[in-house]
*Asks:* 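Submitted below is the structure of interest, expressed as structure tokens.
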Amino acid sequence: MVPQTGITLIRHSRKFTAALIIGIIALERNLVSEKILHLPIVLIIYYVRDPRGVFNSRQKKEIAIWCRRIPTCYDPEMFCEQVKADIESYCKLKEKYPDRITILRYEDISVNPLENSRKIYSWIGIEKLPNEVEDFIKTHTNASLDKESRPRGQEKLALAYTTKRNSKETAFAWQKQLPIGLLEELQAHCKDVYQNLNYPEEWTFSNHDAIFGNEFEPSCRL
């Protein structure tokens with residue numbers, strides 16, 4: 001199963017300011033609740049993205065090849081129903097474990113990557129952002145993705161999977177690229193998701209810096 005959101009598990013030791021960060025591609029909600037959070041050393045970051053941005057990314061040929069095999073990956077209605085279920089689970093877990101689970105929107109860290117990275121590290125008990133992490137952010141969130149910067153003969157593949165991005169442009173590229181028919185489907189099925197994750201329903205918004213970049217909590221009104 002390919003999920004619509006990412007969950008990162010963080011095991012840390014505040015005494016030694018060391019952290020083990022594990023990215024999980026697919027993780028059932030019941031597993032999180034029953035098998036993970038009962039461990040006192042575990043923190044969870046629930047990582048979400050605007051459904052329109054998710055589907056725009058999945059339009060790329062290299063990703064669509066495998067995505068079209070999985071209904072929750074290519075079908076807007078099924079996708080948004082699963083997102084709503086995940087938000088509901090997050091809200092329940094947040095109520096039970098308020099200090100051990102938090103949420104992070106892709107757009108917030110894209111608009112203000114350095115500051116939000118510092119907040120996340122502080123949340124897990126590491127007050128100073130490591131120099132190598134800060135350098136990585138500076139070199140990988142303002143990258144040029146012109147053809148000259150990609151390996152010859154691998155332009156499309158490099159664009160789909162490279163870790164170097166202009167993070168802000170990438171986050172909102174869907175506003176220019178997403179097919180209108182798919183956009184309308186998402187608008188029809190994802191209104192609750194937009195409202196609970198505080199995404200503008202209007203797809204032509206341009207004031208990105210005013211809307212994103214700061215902390216928020218879902219309204220939990222599903």
*Asks:* Where the side chain of Ser89 meets the backbone of Ala85, is there a donor-acceptor pair that is under 3.5 Å apart?
*Replies:* yes
*Asks:* Would you say the side chain of Phe172 lies within less than 4.5 Å of the side chain of Val111, judging by non-hydrogen atoms?
*Replies:* yes
*Asks:* Could you check Val133 against Tyr121 for side-chain contact (heavy atoms from CB on, under 4.5 Å), going step by step and ending with a plain yes or no?
*Replies:* CA-CA 10 Å; Val133 174; Tyr121 269 76; 3.4 Å; yes
*Asks:* If only atom types and distance count, is the side chain of Gln82 paired as donor or acceptor with the main-chain N or O of Thr72 below 3.5 Å?
*Replies:* no
*Asks:* Donor-acceptor pair, distance only, cut-off 3.5 Å: does the side chain of Gln187 make one with the backbone of Glu201?
*Replies:* yes
*Asks:* Test your reading of the model: is there a side-chain donor-acceptor pair from Asp75 to the backbone of Met78, 3.5 Å cut-off?
*Replies:* yes
*Asks:* So, do Leu182 and Gln59 sit near enough that their side-chain heavy atoms are less than 4.5 Å apart?
*Replies:* yes
*Asks:* Might you point out which heavy atoms bring Leu114 and Glu134 nearest each other, and give the distance in Å?
*Replies:* CD1-CG, 3.6 Å
*Asks:* Which is it for Lys84 and Glu81 under the salt bridge (Lys or Arg N to Asp or Glu O under 4.0 Å) test, yes or no, and what are the steps along the way?
*Replies:* CA-CA 5 Å; Lys84 287 191 286 186; Glu81 285 300 319; 2.9 Å; yes
*Asks:* Using a 4.5 Å cut-off on heavy atoms from C-beta on, say whether the side chain of Arg105 contacts that of Asn198.
*Replies:* yes
*Asks:* Of the non-hydrogen atoms in Leu129 and Ser117, which two are nearest, and what is the gap between them?
*Replies:* CD1-O, 3.9 Å
*Asks:* First locate atom OG of Ser122, then atom NZ of Lys119, and finally report the distance between them rounded to the nearest 0.5 Å.
*Replies:* 10.0 Å
*Asks:* Could you tell me which non-hydrogen atom of Asn112 sits nearest to which non-hydrogen atom of Asn116, and how far apart they are?
*Replies:* O-ND2, 3.0 Å
*Asks:* What heavy-atom pair brings Pro51 and Tyr194 nearest, and what distance separates the two atoms?
*Replies:* CD-CE2, 3.7 Å
*Asks:* Any donor-acceptor pair under 3.5 Å linking the side-chain atoms of Glu217 with those of Tyr90?
*Replies:* yes
*Asks:* Determine whether a donor-acceptor pair (N or O, by modelled atom type, separation under 3.5 Å) exists between the side chain of Glu95 and the backbone of Cys91.
*Replies:* no
*Asks:* Quick one, Val83 and Cys190 - any side-chain contact, counting heavy atoms below 4.5 Å?
*Replies:* no
*Asks:* Kindly compute the distance separating SG (Cys67) from CZ (Phe79), expressed to the nearest 0.5 Å.
*Replies:* 9.5 Å
*Asks:* Can you name the nearest heavy-atom pair linking Trp174 to Phe205, along with the distance?
*Replies:* CZ2-CE2, 3.8 Å
*Asks:* So Leu43 and Trp123, do their side chains get closer than 4.5 Å, heavy atoms only?
*Replies:* yes
*Asks:* Return the CD to CZ distance between Glu127 and Arg118, rounded to the nearest 0.5 Å.
*Replies:* 12.5 Å
*Asks:* Let me confirm one number: the CZ-CG distance from Phe55 to Leu183, rounded to the nearest 0.5 Å.
*Replies:* 12.0 Å
*Asks:* Got Trp203 and Asp50 here, is their nearest side-chain heavy-atom distance under 4.5 Å?
*Replies:* no
*Asks:* Report yes or no: do Ile63 and Ile65 belong to one cluster of Ile/Leu/Val/Met/Phe/Trp/Tyr joined by side chain heavy-atom distances under 4.5 Å?
*Replies:* no
*Asks:* How close do Val54 and Arg49 get, heavy atom to heavy atom, and via which atoms?
*Replies:* CG2-CB, 3.8 Å
*Asks:* Do Leu178 and Tyr74 share a hydrophobic cluster (ILVMFWY, side-chain heavy atoms under 4.5 Å, transitive)?
*Replies:* no
*Asks:* How far does CZ of Phe212 sit from CD1 of Ile109, to the nearest 0.5 angstrom?
*Replies:* 14.0 Å
*Asks:* To the nearest 0.5 Å, what is the distance between CD1 (Ile211) and CG (Asp108)?
*Replies:* 10.5 Å
*Asks:* Can you find a side-chain donor-acceptor pair between Gln175 and Arg52 that sits under 3.5 Å?
*Replies:* no
